[in-house]
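Data block below; observations after.
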Amino acid sequence: MCHNCSPGAAVPPVESGAPSRRSFTRFLAAGAGLTVLAACTPEAPAAVAPSSTSPAGGAPAPAPESTTAAPPTEVAAPAAPSPAPSPSAVLPGQFSLTDPASPWLVVNKHRPLVPADYVPADLVPPAVAMTASGEAALLNSTTAAAAEAMFAAAGRDGVAMVLASGYRSYGTQVGTYNNYVAARGQADADTASARPGYSEHQTGWAFDIVDGGGACSFQPCFADQPAAVWAKANGHRFGFVVRYPWMFHPVTGYYYEPWHLRYVGVEAATDMVARGIFTLEEYFGVEAAPGYP
């Protein structure tokens, strides 16, 4: 639709008066109408110059009408930009980001576990100091071995690290999340507890620690306790990262949890530290998940 086109000039109204005047007015109106019609009529195509091959002295032969339209000129569509490779692409070994049995699994508010009631096949109790009991005292076998090495190293440095919560089944997570909702409302609960089927604890790759002194457990001030300070500085040597770091809740969907450690493997954890990358979302090149869709 053309928004800049002006409508044709309106025909002036006929004034009352003598018949001769009326006739003259009609004549002018008709002339104006012809003028408007001429202005709206497309221009005739320009005359074609005679062909150099026309017979001498004769009128130029009319060009034969083509019955086939000329093929349109094909313009190559611009190539779609290739997505930038994720920082993790530099590592020689690559693992699935969606398989719950993969150390690179990224589960967040946009990426639920599949299946939702996943249970690790190799849950074992690590030989470390713990306050956890029952299923919470279990980790998958890879995480358990790494935790044993890390806790032992911390102990040699005079730091008492204690396992407070490990594996959490789908059924347990239902109860945990519902308790948060009942106490704090759903909006607030979603910033502190994963919905069932969205929890890293269910994978066996993550666990929570407390300090041997017992101070500030599961509170922001835990960040200053020896176990938290040591884990943040040394966890990568054993394949662990602080999964929900300070001021990255717009990316991870959770406020700072210095007690929540996640196993991703020594290569990935060390590379993240070397590059100054703090979240799995950025390192593995997946979208931020500040809230549930």
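Owing to the predicted nature of the structure, the values given are computational and were not obtained by experimental measurement.
- Nearest heavy atoms, S193 versus T176: OG-CG2, 4.0 Å.
- Contact record, P87 with D271: O-OD2, 4.1 Å, taken as the closest heavy-atom pair.
- Side-chain atoms of Y254 and D190 include no donor-acceptor pair closer than 3.5 Å.
- Within the 4.5 Å cutoff, the side chain of Y263 has no heavy atoms near those of the N140 side chain.
- R237 and N234 are linked by a side-chain donor-acceptor pair at a separation below 3.5 angstrom, with hydrogens and angles left out of the test.
- Between T143 and R262 the shortest side-chain heavy-atom distance does not fall below 4.5 Å.
- Between the side chains of E135 and T172, at least one donor-acceptor pair of N or O atoms lies under 3.5 Å.
- You'll find the side chain of V251 stays beyond 4.5 Å of the side chain of F278, heavy atoms only.
- The two residues L97 and W104 come nearest to each other via the heavy atoms CD2-O, 3.4 Å.
- Using a 4.5 Å heavy-atom cutoff, the side chains of L105 and D99 are not in contact.
- Shown here for E200 and T203, the closest heavy-atom pair between the two residues is O-OG1, 2.6 Å.
- Between the side chains of Q186 and Y177, at least one donor-acceptor pair of N or O atoms lies under 3.5 Å.
- Y167 and Q202 get closest at one heavy-atom pair: CE1-O, 3.3 Å.
- Side-chain contact between Y198 and L113 is absent, with no heavy-atom pair separated by less than 4.5 Å.
- Inter-residue side-chain proximity for L138 and V124 is flagged as unmet; no heavy-atom pair is nearer than 4.5 Å.
- Counting only heavy atoms from C-beta outward, the side chains of V273 and T270 never approach each other to under 4.5 Å.
- Remark: of the listed residues F207, Y244, W205, Y244 is the sole one forming a ring pair (Phe, Tyr, Trp, His ring centres under 6.0 Å) with H260.
- Contact check for W230 versus Q225: no side-chain heavy atoms found under the 4.5 Å cut-off.
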Item to complete: May I have the step-by-step check of side-chain contact (heavy atoms from CB on, under 4.5 Å) for H201 and S165, ending in yes or no?
Response: CA-CA 8 Å; H201 281 277; S165 179; 3.9 Å; yes
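- We find the CG-CD distance between L91 and E267 to be 5.5 Å, quoted to the nearest 0.5 Å.
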Are R195 and Y292 close enough, and set up right, to give a side-chain contact (heavy atoms from CB on, under 4.5 Å), and what steps lead you there? CA-CA 9 Å; R195 293 180 184 178; Y292 292 99; 3.3 Å; yes
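- At most 12 non-hydrogen atoms from other residues, nucleotides or ligands lie less than 6.0 angstrom from NZ of K232.
- D211 places a side-chain N or O within 3.5 Å of a backbone atom of A227 that can act as its donor or acceptor partner.
- Of the possible donor and acceptor atoms, none in the side chain of K109 sits under 3.5 Å from a partner among the backbone N and O of A289.
- Judged by distance alone, the side chain of E148 and the main-chain N or O of A127 form a donor-acceptor pair under 3.5 Å.
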* Verify side-chain contact (heavy atoms from CB on, under 4.5 Å) between V181 and R184, making sure each step is shown before the conclusion. => CA-CA 5 Å; V181 172; R184 301 164 60 170; over 6 Å; no
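- Minimum heavy-atom separation, A288 to P250: CB-O, 3.8 Å.
- Using a 3.5 Å distance cut-off with no hydrogens or angles, the side chains of H110 and E287 do pair a donor with an acceptor.
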Could you walk me through whether V162 and I209 pass the side-chain contact (heavy atoms from CB on, under 4.5 Å) test, one step at a time? CA-CA 5 Å; V162 179; I209 60 171; over 6 Å; no
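- The line from CG of D208 to CZ of R168 is 6.5 Å long, rounded to the nearest 0.5 Å.
- Using modelled atom types, one side-chain atom of Q173 and one backbone atom of A194 make a donor-acceptor pair closer than 3.5 Å.
- Look at R243 and E257 and you find no salt bridge, because none of the NZ, NE, NH1 or NH2 atoms lies under 4.0 Å from a carboxylate O.
- Hydrophobic clustering, with ILVMFWY side chains joined whenever heavy atoms are under 4.5 angstrom apart, keeps Y255 apart from V242.
- Remark: the backbone N or O of S96 is paired with a side-chain donor or acceptor of S102 at under 3.5 angstrom.
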